[in-house]
Amino acid sequence: MNENKTIRMRLNRLLLIFSFGVLPFVHSCRSPESDDKLKSKIEEALIDNEGIAVDVEEGNVTLNGQLGSDSLKQVVEDKTKTAGGENIKSIHNNIMVNLPEPEDAREKYHEIVEGAVDSTITRDVNRVLEDFPTITAQVKDGIIIVTGNIEKTRMDSLKKRLDHIKPKGIDMKGVTSR
């Protein structure tokens with residue numbers, strides 16, 4: 001009986017050593033497959049949040065991208081936690097918050113730098129006109145002066161895109177439509 005007790009104690013000791021030595025190591029080693037599954041779950045949960053990149057390595061989740069507010073950033077992190085559950089060891093939320101430009105920002109900028117505004121508007125106008133090769137424009141004192149010939153169906157599109165630049169005004173008297 002003493003021999004059985006000694007054998008049992010040795011087995012218990014071995015089991016204890018195994019438990020403290022090997023099991024934590026096995027638990028911490030996640031297979032790439034489980035990381036891939038976790039990543040897929042999170043990406044599916046974030047399908048409505050375009051432009052957010054998800055990386056998972058050994059259960060550590062990293063979120064990258066840009067959003068328009070801190071509250072959206074928090075929503076994305078909450079969705080990530082919910083989707084990943086206990087499989088997530090940590091979340092590194094590297095999402096940058098880019099607040100939308102206030103409506104009057106361009107006008108305030110005009111007041112501050114005056115002459116440099118025309119060059120900024122000219123740059124933006126030139127980008128728009130890449131899609132309208134028959135149109136030319138000049139910028140003077142924050143006003144876009146447009147000339148050329150365009151199809152009637154494209155006139156509204158041109159006007160909207162120029163309005164989006166937020167100039168002081170748009171003079172389209174020199175534009176004819178066909």
Side-chain angles (χ1 to χ4, degrees), residues 16-133 135 137 139 142-144 154 156-170:
L16 188 62
I17 291 169
F18 179 79
S19 296
F20 286 116
V22 177
L23 288 179
F25 175 75
V26 170
H27 178 69
S28 68
C29 291
R30 298 173 55 89
S31 71
E33 183 181 327
S34 61
D35 282 344
D36 290 343
K37 286 181 182 178
L38 178 58
K39 181 179 178 177
S40 292
K41 280 183 182 179
I42 294 169
E43 286 175 337
E44 191 172 317
L46 300 178
I47 197 138
D48 293 337
N49 301 96
E50 212 172 284
I52 302 301
V54 178
D55 290 311
V56 179
E57 188 174 323
E58 295 182 8
N60 298 301
V61 178
T62 303
L63 302 171
N64 290 301
Q66 296 181 357
L67 290 171
S69 70
D70 286 317
S71 60
L72 283 174
K73 180 178 177 177
Q74 187 60 51
V75 166
V76 166
E77 187 171 327
D78 293 344
K79 285 181 179 180
T80 300
K81 286 177 186 174
T82 302
E86 294 177 7
N87 294 321
I88 295 177
K89 287 184 181 177
S90 67
I91 296 176
H92 306 280
N93 192 341
N94 298 333
I95 295 172
M96 300 295 294
V97 175
N98 294 329
L99 299 174
E101 184 177 290
E103 284 297 315
D104 62 345
R106 169 88 60 178
E107 288 77 15
K108 287 181 182 175
Y109 178 73
H110 288 247
E111 292 169 13
I112 294 169
V113 293
E114 292 182 24
V117 171
D118 284 352
S119 64
T120 303
I121 294 174
T122 299
R123 180 199 67 212
D124 294 345
V125 167
N126 287 337
R127 287 182 184 154
V128 168
L129 294 184
E130 287 174 2
D131 295 333
F132 301 91
I135 299 295
V139 179
I143 297 173
I144 302 171
R154 299 195 66 208
D156 279 346
S157 175
L158 173 63
K159 177 88 168 96
K160 284 178 185 175
R161 290 185 59 194
L162 292 174
D163 278 339
H164 187 72
I165 295 172
K166 305 258 188 262
K168 286 183 182 176
I170 300 175

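Residue numbers start at 1 and run along the sequence shown. Side-chain atoms are counted along with the backbone in the values below, which use heavy atoms only and exclude waters and symmetry mates.
- Between Glu77 and Lys81, at least one side-chain nitrogen of the basic residue sits less than 4.0 Å from a carboxylate oxygen of the acidic one, meeting the salt-bridge criterion.
- More than 12 heavy-atom neighbours from other residues, nucleotides or ligands sit within 6.0 angstrom of NZ on Lys79.
- Residues passing the salt bridge (charged side-chain N to carboxylate O under 4.0 Å, His left out) test with Arg161 are Asp131, sequence neighbours excluded.
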Open item on the list: Test side-chain contact (heavy atoms from CB on, under 4.5 Å) on Ile143 and Ile121; report intermediate values, then the result.
Closed with: CA-CA 9 Å; Ile143 297 173; Ile121 294 174; over 6 Å; no
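- Applying the salt bridge (charged side-chain N to carboxylate O under 4.0 Å, His left out) criterion to Asp163, with sequence neighbours excluded, gives Lys159.
- Side chain of Asn60 to backbone of Glu57: a donor-acceptor contact under 3.5 angstrom is found.
- Closest of all the heavy-atom pairs between Leu38 and Asn87 is CD2-O, 3.7 Å.
- Using modelled atom types and a 3.5 Å distance limit, the side chains of Asp78 and Gln74 yield a donor-acceptor pair.
- Results of the side-chain contact (heavy atoms from CB on, under 4.5 Å) test with Lys73 over Ile95, Ile52, Asn49 single out Ile95 as the only residue that passes.
- Remark: the backbone N or O of Gly59 is not paired with any side-chain donor or acceptor of Lys89 at under 3.5 angstrom.
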Task: Val54 and Leu63: CA distance, side-chain angles, deciding distance, side-chain contact (heavy atoms from CB on, under 4.5 Å) verdict - done: CA-CA 5 Å; Val54 178; Leu63 302 171; 3.9 Å; yes
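- For the pair Asp55 (side chain) and Val61 (backbone), a donor-acceptor distance under 3.5 Å is absent.
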